[in-house]
Amino acid sequence: MPPRSPFRVVPPLALIAVLVAVWLVAHPGSDDPADRPVAGTTTTVAPTTTRRTYTVRRGDNLSSIATRYGLDVTQLVELNPQVDPQALRAGQRIRLRPRD
């Protein structure tokens, strides 16, 4: 009798489920239901916020934050020169308005 192989055959659906789970971990989205599009609706930009700062959540990027608070990405970059737009971290605080 030949020795038993250490490898198992994985059913295709199980493999797909694992690949999807890995992709979702690597590409997190927003956990906020308000950020999800609703069929048949249009998106409007809210007026400029009165909040001074925002704490970055997992899956946020400057574009989504700017849209949520009625700002322009360029404004956020100018208000936050210390922030690398490509390396936002959850828990990081960014400024939404200039200091008074």
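Positions are given from 1, in the same order as the sequence printed here.
Looking only at distances, a side-chain donor or acceptor of S64 sits under 3.5 Å from a matching main-chain atom of N61. Remark: side-chain polar atoms of E78 are not paired, donor with acceptor, to backbone N or O of Q75 under 3.5 angstrom.
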message: Under the criterion side-chain contact (heavy atoms from CB on, under 4.5 Å), I'd like the reasoning laid out for Y54 against R95: C-alpha separation, chi angles, the key distance, then a yes or no.
response: CA-CA 6 Å; Y54 174 77; R95 187 171 302 285; over 6 Å; no

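A 6.0 Å sphere centred on CD of Q82 holds more than 12 heavy atoms belonging to other residues, nucleotides or ligands.
Taking each heavy atom of V83 and P85 in turn, the nearest pair found is O-CD, 3.3 Å. Nearest heavy-atom pair across A66 and V73 is CB-N, 3.9 Å.
Results of the side chain to side chain contact (heavy atoms under 4.5 Å, CB included) test with I94 over T53, D60, L62 single out L62 as the only residue that passes. No option in L79, I65, N80 other than I65 meets the side chain to side chain contact (heavy atoms under 4.5 Å, CB included) test with L96.
Here the CD atom belonging to Q92 is positioned 8.5 Å from the CG atom belonging to D84, to the nearest 0.5 angstrom.
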